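Keep in mind that this is a model prediction, so the values were computed, not measured. To find a chain, count down the sequence lines: A is the first, B the second, and so on, and within it residues start at 1.
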Amino acid sequence: MVRDITIGQYYPTESFIHRLDPRVKIVCTLLFIVSLFIQNSLPGYVVATIFLAAVIKMSKVPVGFIVKGLKPIVILLLFTVVMNLFLTRGGAELVQFWIFTITESGLKTSVFMAVRLIYLVMGSSIMTFTTSPNGLTDGLEKLLHPLNRVNVPVHEVAMMMSIALRFIPILLEETDKIMKAQQARGADFETGNIIQRAKSMIPILVPLFVSAFRRANDLAMAMEARCYHGGEGRTRMKPLKYKREDRLAYAVTVFYLVLIFAVGRFVPLRLWIF
Amino acid sequence: MGIVHAEKLIYEYDKRDEEGNVIGTNRAIDGVDIDIPQGSFVAILGHNGSGKSTLAKHMNALLLPSGGTIWVDGKDTKDPAEIWNVRQAAGMVFQNPDNQIIGTVVEEDVGFGPENLGVPTDEIWKRVENSLRSVGMLEYRKDSPNKLSGGQKQRVAIAGVIAMEPKCIVLDEPTAMLDPNGRREVILAVEKLKAEKNVTVILITHYMEEVIDADQVFVMDDGHIVMHGTPREIFGRVDELKAYRMDVPQVTMLAEELRKRGLSLPRGILRREELVEALCRLR
């Protein structure tokens, strides 16, 4: 059923990571990604792997789910690996055939790059798996709040995001209804080349747009009737407040950052060319 | 002066042709005088295009009168300084259940109004719980509104209004898009509310069965109030109602037909039990 789809990829369960404040998860994910890209040593990657594995374990999200999240980037990943492998020059030549040469530093860069991308996607999917879309919106609103001073309408944007999230299932259902209505009158969406199929979408999109605007109008009126007048003077039903666990999570992340740099600099762990 | 009081209320809008040029004006409301006492249950009836929804929107300052004045809780809706007080005093429930729910979780939606009013967090939670309980939706508080039935969504919308603690609730055809079960659910919730909290209920509808418990009924046609009285008085005038294209409840209709055929039944029978009793008394 269209009604049952969840937006984003929230995996609802109870875990330490799920309970964390969304702001903590956003900031720590960013820090983790940064940490991946500004260090480049085997010991550093070992630390990052341990950290990521521990977080995944704590989140109680099945590893299979997270690995599935890598699917969309497989092509990008292959492209990056191939490009780095053949185009990076430096160090001893390892393999050479026809016009291709693989050098030591080529192999090193491509492997590290692949690991970085994989960890990046896994790290950020942990964030979306453990935070509800609304939590994310709230977290972003609170984090970006200082931008209000430079006239960025942070509250309004966050409100639009959460309304969009609420209406996605409704509009999907509506699309389904309109498609069925058009099919009942003989519309054909499946055959023909891509241009013909795109053209056959017009009778769906037009009524969908009309109805979306009508809904927007109704909703705006309902919001006004309930005294909505922007973020000013508004209180929150579920205000975000840092708890002890959240401070702990920040501390752990900072410790991880220190560790990854310290290890990268002072632990002379080398394995073959890496 | 009651909670809602209008004098010579007029609302005009421009009539436009295909290109959007003004070709005249339409009067949706034409000289309406109305006074609704605090704590009463008032129904406004009328067929499509009679101006009843336009009148409802004036009670919440969503529309402002072109002529005349309407006071809600003693405040003139035209006064821009009072607009949020007017909207807080008169809560509004709309027709389409999907298009008035803002939150992605039931309890968050009910909390939306109090949040806008700047109510402190603890108080919001209390209000949300109480108002969800009073419409019998407390067990769904953590659910997504998309999973609810139409009647349940309308009850959530009513809870969202109650949480703002208005003095009066305006329901603008809340049952028009519901199936008979959902319609009953919503009307029962409204009646319960009326009995428990001393709020004024203004129900706008074209289903006459829903208004038999009202204290007063107004019938609108073409922007005017054409009939006014208790449900019994109004439903006693079947022929007149039909002239305004209103459907009379089946029981009332049957009683009227029987009366025309010579049975001595009283006018304005509203419920099945009443008809049964009246018929039994005939022997």
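Against chain A, the residues from residues 60-85 of chain B that qualify, each with a non-hydrogen atom under 4.5 angstrom away, are B:Asn60, B:Leu62, B:Trp84 in number order.
Contact of the B:Met92 side chain with the A:Met221 side chain is not registered, since no non-hydrogen atoms from C-beta on lie closer than 4.5 Å. By the 4.5 Å heavy-atom criterion applied to side chains, A:Tyr228 and B:Arg87 are not counted as neighbours. Counting heavy atoms from C-beta on, the side chains of B:Asp98 and A:Arg215 come closer than 4.5 Å. For the pair B:Phe112/A:Met237, no side-chain contact is recorded, criterion being any heavy-atom separation below 4.5 Å from C-beta on. The shortest distance between side-chain heavy atoms of A:Arg166 and B:Ile102 does not fall below 4.5 Å.
Between B:Thr104 and A:Ser162, the shortest heavy-atom distance links the atoms CG2-O, 4.2 Å. Scanning all heavy atoms of the two residues, the minimum distance from B:Ile124 to A:Thr235 falls at CD1-OG1, 3.8 Å.
Enclosure of atom NE2 in A:His229 by more than 12 non-hydrogen atoms of other residues, nucleotides or ligands within 6.0 angstrom is indicated. The neighbour count for A:Phe255 CZ, taken as heavy atoms of other residues, nucleotides or ligands under 6.0 Å away, does not exceed 12. In A:Glu232, the CD atom is not crowded: 12 or fewer heavy atoms of neighbouring residues, nucleotides or ligands sit closer than 6.0 Å. Annotation: B:Lys126, atom NZ; neighbour count of heavy atoms from other residues, nucleotides and ligands within 6.0 Å does not exceed 12. More than 12 heavy atoms of other residues, nucleotides or ligands shown are found within 6.0 angstrom of NZ on B:Lys192.
The parts of B:Glu107 that come within reach of chain A are both its backbone and its side chain, each placing non-hydrogen atoms under 4.5 angstrom from that chain. Heavy atoms closer than 4.5 Å to chain A are found in the side chain of B:Phe94, but not in its backbone. Contacts of B:Pro166 with chain A are absent, with no heavy-atom separation under 4.5 Å from either backbone or side chain. Of the atoms belonging to B:Glu108, heavy atoms from both backbone and side chain fall under 4.5 Å from chain A. In this structure, chain A has no heavy atom under 4.5 Å from any part of B:Asp172.
With respect to chain A, the highest number of heavy-atom pairs below 4.5 Å among B:Lys57, B:Met164, B:Glu123 belongs to B:Met164. In terms of non-hydrogen atom pairs under 4.5 Å with chain B, the most contact-rich of A:Ala220, A:Ala222, A:Ala225 is A:Ala225. For chain A, the option among B:Val93, B:Ile101, B:Thr121 with the highest count of heavy-atom pairs below 4.5 Å is B:Ile101.
For the residue pair A:Arg214/B:Asn99, the side-chain donor-acceptor check at 3.5 Å is not satisfied.
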For a side-chain contact (heavy atoms from CB on, under 4.5 Å) check, start with the C-alpha distance between A:Arg226 and B:Asp109, then their side-chain angles and the critical distance, and finish with the verdict.
CA-CA 11 Å; A:Arg226 282 162 81 181; B:Asp109 182 69; 3.6 Å; yes

